[in-house]
Every structure is written in C-alpha cells, then in structure tokens.
Amino acid sequence: MKKVATRFAPSPTGPLHIGGIRTALFNWLYSRNKSGEFYLRIEDTDKERSKDEHKTQIINSLKWMGITHDGEEYIQSEKIDEHVKIAKELLEKGYAYKCYCSAEEIEEQKKRAKQKKIPYVYDRKWRDISEDEAPKNIKPVLRFKSKIEGSSILKDLVQGDVEIENKTIEDFVILRNDGTPTYNLSASVDDYYMNMTHIIRGDDHKINTFKQIQIYEALGWDIPFFAHIPLIHTINGKKLSKRDHASTLEDYSKIGILPEALRNYLLRLGWSYKDKEIFDLEESIKYFNLEGIGKSPSKLDMSRILSMNEYYIKNCEENSLYEKFREYCDIYKDKIKKEKEYSIKSSLIFLKNKAKTLEDIFNNSKYILNDTVTFNESDKNLINDEAKKIINLFKENILELNVFDRRNLEEIVNKLIKSNNTNFKGIGQPLRISLTGSRFGPGIYDIILSLGKDEVVKRLSDIG
RNA sequence: GGUCCCUUCGUCUAUCGGUUAGGACACAUGGUUUUCAUCCAUGAAAGAGGGGUUCGAUUCCCCUAGGGACCGCCA
C-alpha cells in the first residue's frame with residue numbers, strides 16, 4: 001500500500017474563499033487521518049491573472065486555519081519544462097496532434113453551435129489531416145487525442161461510479177500556440193510527479209478528471225483515486241464565488257470568528273459522523289473519512305457559524321482566550337493598553353458568556369478599554385434625580401470601604417434597597433449606566449470589580 | 001441546448017428495508033436571573049411528485065419535476 005498523499009492546488013487568480021478552504025481542510029484531514037502527506041501546489045500558470053498578493057492571501061489563510069503542508073510549496077510555473085516535455089512525448093507516441101485552426105475558426109464553430117443550440121465540441125478537424133497541408137501562417141496548438149468510441153467509468157470515492165460517453169470529451173488543448181501547457185496537462189503531470197494517491201477536489205472538476213485519466217492512461221501511469229466533493233452554495237443556491245459577500249477568511253476573522261470554530265463548521269458542512277457536532281482538532285483527524293461526505297451541495301449558514309463560534313469562545317480557557325482577543329484587537333481594533341491588560345484578562349470569565357464573536361467581547365469591554373464613558377443618550381435619560389441620589393449614596397458608602405470585594409458591595413446594595421424603599425433594578429440600572437454608558441451589560445458587581453474602586457468613584461462623581 | 005450530479009424539518013444532517021423519522025443551529029413559549037445575555041425545559045417544523053420491486057419503502061429501480069456543475073489556447 002502506497003503512503004497516502006493529497007494536495008491542495010489553488011490558483012492565485014483571486015482570494016481563496018471558504019469553499020477552497022474546505023477542500024484544503026478535507027485533503028489535509030484525510031492525509032492526517034491516514035498518516036500520509038499533504039502538499040500545497042500553487043497553480044500559477046495563468047501569467048495574466050496570477051497575482052502575488054493572492055498567493056500570499058492563500059498561504060496566510062491556510063496558516064490561519066492551522067492547515068500545514070509538508071515540504072516546500074510547489075510552484076507549478078517552475079515546472080513548465082516538465083509539462084512541455086510530456087506534451088512532446090504524447091505527440092511522439094501518437095496521443096496528441098497539432099491543430100492549425102485559427103482562433104477565428106474556433107470562434108466561428110462556437111457561434112454556430114450556439115445558434116443551432118447544440119453543444120460545442122471541437123470538431124477534431126486536424127486529428128487526421130496530414131501536417132503537409134498545414135497553413136504556414138498559423139502557429140498550432142497541441143491537442144490530446146481523446147477516445148471516441150465507448151465510454152469511461154470514474155470510480156469516484158464520494159459519488160460512486162460515474163459513466164460518461166467518451167465522445168462527449170473533446171480533444172482538449174494541452175499546449176497553447178505559444179508553447180505553454182494548459183491546466184489538464186500540468187495538473188496531471190504534477191500530480192504524477194508528486195506521487196499523489198488521492199485527489200480530493202470540488203465537483204466542478206469532474207469533467208477534467210475524465211480528461212486527466214486519459215493522459216494517465218496514455219503515459220501508462222497509475223491512476224490515483226478521485227473524490228469529488230459537492231460544492232458549497234450561497235444562500236441562493238449558487239456556486240460560491242469570490243465575489244460573494246462573506247466568502248473569504250478575512251470576512252470571518254475581522255468579526256472575530258475563531259479559526260477552530262470555522263474549522264469545525266466547515267468540517268460538518270457536507271460531512272458527518274453520526275450525530276456528533278463538536279470535533280476538536282484531534283477528533284477531526286481521528287474520525288474524518290471519505291464515506292461521511294454527502295453527495296448534495298450545502299448552503300452556508302451564518303447563524304450556525306456564529307453559534308459554533310459562541311461555543312468555542314465559551315469553552316476557551318481565559319488565558320488563551322485573552323491571547324486571541326489581544327491579537328484580534330491588534331489587527332482589527334486598537335491595541336490594548338498595558339494598564340488595561342489585567343482588568344480585561346480577569347473580566348473574560350464573564351465577558352465570554354455574552355459573546356458570539358471576539359468583536360462582541362470587544363464591544364462589551366469598551367467600558368474597560370476606554371477611559372471615558374460613551375453614553376447611550378436614551379439610557380442616560382433614565383438617570384433622574386432619584387437615581388442620582390442613589391448613585392451618590394452608593395459612592396459615599398464604597399468610599400468608606402476598606403475591603404473592596406463582592407460581599408461588601410452586595411451588603412451596601414442591600415442596605416440601600418431597604419433604606420430607599422426600592423428594588424435591585426432601582427440601584428443596578430443607574431449604576432450600570434453611569435459606569436458603562438448603557439443599561440445593557442455584564443453583571444453590576446462584575447462591572448464594579450473589573451473597574452476598581454478609584455475608577456468607579458471617578459465615574460460616579462462625573463454623573464452624580 | 002448537451003453531458004454529468006443532486007433532492008429528509010428554514011439550514012446542516014442521522015437513518016445503510018421494519019423508527020412515534022433522531023440530533024444540532026435558527027425560531028416560538030415558559031422557567032432561573034441583576035439589565036442584555038447565558039443556562040434549563042417545552043413546542044412547532046421534513047422524506048419533491050408519480051409509478052414499480054417487496055409482506056413492508058425515506059431507504060432499491062424507473063419516470064417526471066426542481067436545483068446544481070461543466071461545456072476556454074482559465075484553473
């Protein structure tokens with residue numbers, strides 16, 4: 001049994017979106033599950049559209065998700081010579097031929113096909129014409145001589161047997177007229193040289209697979225296993241594209257989604273293991289298999305991502321949650337000031353129970369992060385003279401406190417409830433508003449303790 | 001239009017011929033609570049339609065409908 005090897009092969013012609021990330025995740029998980037290898041191959045042979053910034057974005061995205069590849073990144077454009085060599089070999093062996101059709105001629109064929117409402121397939125014109133008749137002014141492309149008779153069966157590890165008539169596969173171009181290789185050739189050659197055992201990729205590659213298998217066969221190479229996973233659809237049921245809202249990783253990281261939450265969500269999107277919903281990293285690797293992959297496309301569901309994230313935040317130990325939060329603020333908000341660090345850190349225990357995202361934590365901790373209180377106007381209006389009186393009484397009481405702790409604070413509050421003939425709300429609400437600017441927020445004792453006596457007195461004095 | 005794929009609650013899914021069709025998210029209601037949340041309980045919610053096969057079909061087969069992917073000298 002050969003050692004399992006998988007790869008993720010994105011093209012840097014646009015930012016990597018969440019569908020690509022899932023493909024990468026599945027490949028990675030599969031290889032890890034089999035104690036195999038996982039490689040990253042950058043398919044940058046489209047010189048026009050490939051951009052370095054996208055390559056960087058792809059690599060950073062994978063890194064953020066914790067998907068690590070073995071060895072160096074494989075840069076496809078560096079291997080073009082190999083691909084051309086194989087193309088020549090195919091020509092010599094009679095598996096390919098030069099096609100002298102002009103671009104106009106091909107356009108014409110396509111137009112006609114469209115008019116007649118019949119599918120366009122290259123008419124294989126030059127397949128059997130002698131090269132002696134070739135026009136001198138046209139640089140030929142190299143086409144693969146596809147099978148015409150019979151049909152082929154793809155034994156897909158997800159979809160089962162897929163049968164297709166060979167004649168529906170056209171004689172596809174393997175070398176452009178500028179001598180550069182095209183995708184199907186390059187991908188096949190690379191996969192072969194990289195010793196790939198399993199090709200796990202999006203459903204949209206299925207036709208390519210039939211082409212690539214023919215190349216393998218022509219060269220006498222062992223054919224790897226293929227698994228075509230269903231695509232992720234938008235809420236409108238269409239293939240997810242780079243242009244769709246909330247499709248790149250950055251769209252998620254900037255609102256404070258944790259990579260482990262997204263990983264768990266993506267894992268369960270189109271894959272399942274019994275009724276299990278939560279998979280930590282170890283479990284993901286342990287349970288992942290191809291059998292659990294569903295056949296139908298699935299839609300992205302933001303509320304599910306959010307609730308998964310909420311779960312991971314709640315179950316994250318405070319110190320490591322602080323690190324994540326600090327990093328998040330560094331990148332997307334303001335750096336946390338040194339003197340606020342302790343206070344934030346010790347508040348996470350209650351802050352995290354109110355948060356679905358790191359951004360929620362940020363919003364709920366603004367009263368600590370900022371030195372001045374920003375009031376919600378309608379909330380501020382709730383502070384009437386009666387409320388001010390209580391605020392002042394409370395302030396006087398804590399001023400006399402030697403030990404500033406929860407028990408003593410509770411005692412004061414209870415005393416004030418009695419002496420002022422009010423209820424908890426009558427005290428808690430004005431305090432919360434004057435300390436945080438809003439009537440919504442963490443528990444009042446949590447707020448007071450996280451701010452510290454001096455700051456509390458200062459803020460109460462400002463309003464009272 | 002051609003080829004191929006798909007179809008269980010709104011969403012993600014379990015079920016591998018016999019179940020009151022299960023879970024999770026979202027939603028609704030109630031409870032706990034110190035506001036907002038959390039948490040807990042309860043509820044509503046699904047086999048696209050039609051034929052077969054079978055003692056019995058969500059499950060196997062066929063047809064129809066709906067949805068999707070591909071149809072580049074892009075990857």
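Worth saying up front: this structure is predicted, and the values here are computed from it rather than measured. So that the names make sense, note that chain A is the first sequence line, chain B the second, and so on, each numbered from 1.
B/C12 atom P lies 18 Å from atom CD1 of A/Ile278, rounded to whole Å. A/Lys276 has its NZ atom 16 Å from the P atom of B/A14, to the nearest Å. As a whole-Å value, the separation of A/Asn177 CG from B/C73 P is 11 Å. Here B/U11 presents its C1' atom at 13 Å from CE of A/Met308, a figure rounded to the nearest Å. Between the C1' atom of B/U13 and the CG atom of A/Leu266 lies a distance of 15 Å, rounded to the nearest Å.
Candidate nucleotides B/U7, B/A75, B/U35 were compared by shortest atom distance to the side chain of A/Tyr183, and B/A75 ranks first. In this structure, the nucleotide among B/U38, B/C73, B/C70 sitting nearest to the side chain of A/Val141 is B/C73.
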Tell me which donor-acceptor pairs under 3.5 Å the side chains of residues 134-141 of chain A have, and how far apart each pair is, sequence neighbours excluded?
none

Under 3.5 Å donor-acceptor pairs involving side-chain atoms of residues 78-87 of chain A, not counting sequence neighbours:
unit_1, atom_1, unit_2, atom_2, d
A/His83, ND1, A/Ser186, OG, 3.0
A/His83, NE2, A/Asp190, OD1, 2.8

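Judged as a side chain to side chain donor-acceptor pair (under 3.5 Å), the pairs with a partner in residues 437-447 of chain A (not counting sequence neighbours) are, in order, A/Asp379-A/Arg439. Every pair passing side chain to side chain donor-acceptor pair (under 3.5 Å) that includes a residue from residues 413-424 of chain A is listed here, sequence neighbours excluded: A/Asn397-A/Lys415. Counting only residues at least two apart or in different chains, salt bridge (Lys or Arg N to Asp or Glu O under 4.0 Å) contacts with residues 421-438 of chain A are absent.
Residue A/Glu48 is classed as having no contact, given no heavy-atom separation below 4.0 Å to the nucleic acid.
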Scan nucleotides 21-34 of chain B nucleotide by nucleotide, 5' to 3', and note B when protein non-hydrogen atoms come under 4.0 Å of the base, S if they reach only the sugar-phosphate, - if neither.
-> -BBBSS-------B

Per-nucleotide protein contact along nucleotides 59-69 of chain B, 5' to 3', at a 4.0 Å heavy-atom cut-off (B base, S sugar-phosphate only, - neither), is ---------SS

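A search for side-chain contact (heavy atoms from CB on, under 4.5 Å) contacts involving A/Glu277 returns A/Arg268, A/Arg304, not counting sequence neighbours. Remark: A/Ser50 pairs with A/Pro12, A/Thr13, A/Asp44, A/Asp46 by the side-chain contact (heavy atoms from CB on, under 4.5 Å) rule, at least two apart or across chains.
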Test log, rule side chain to side chain contact (heavy atoms under 4.5 Å, CB included), inputs A/Phe362 and A/Phe325 | CA-CA 8 Å; A/Phe362 173 77; A/Phe325 181 61; 3.8 Å; yes

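OP1 or OP2 of B/A14 lies within a sub-4.0 Å distance of a side-chain N or O belonging to A/Ser272.
Residues A/Pro181 and A/Val162 both approach RNA chain B. Their nearest nucleotides, taken by heavy-atom distance, put A/Val162 toward the 5′ side.
A 3.5 Å limit on both hydrogen-bonding distances identifies B/G43 as the Watson-Crick or G-U partner of B/C27.
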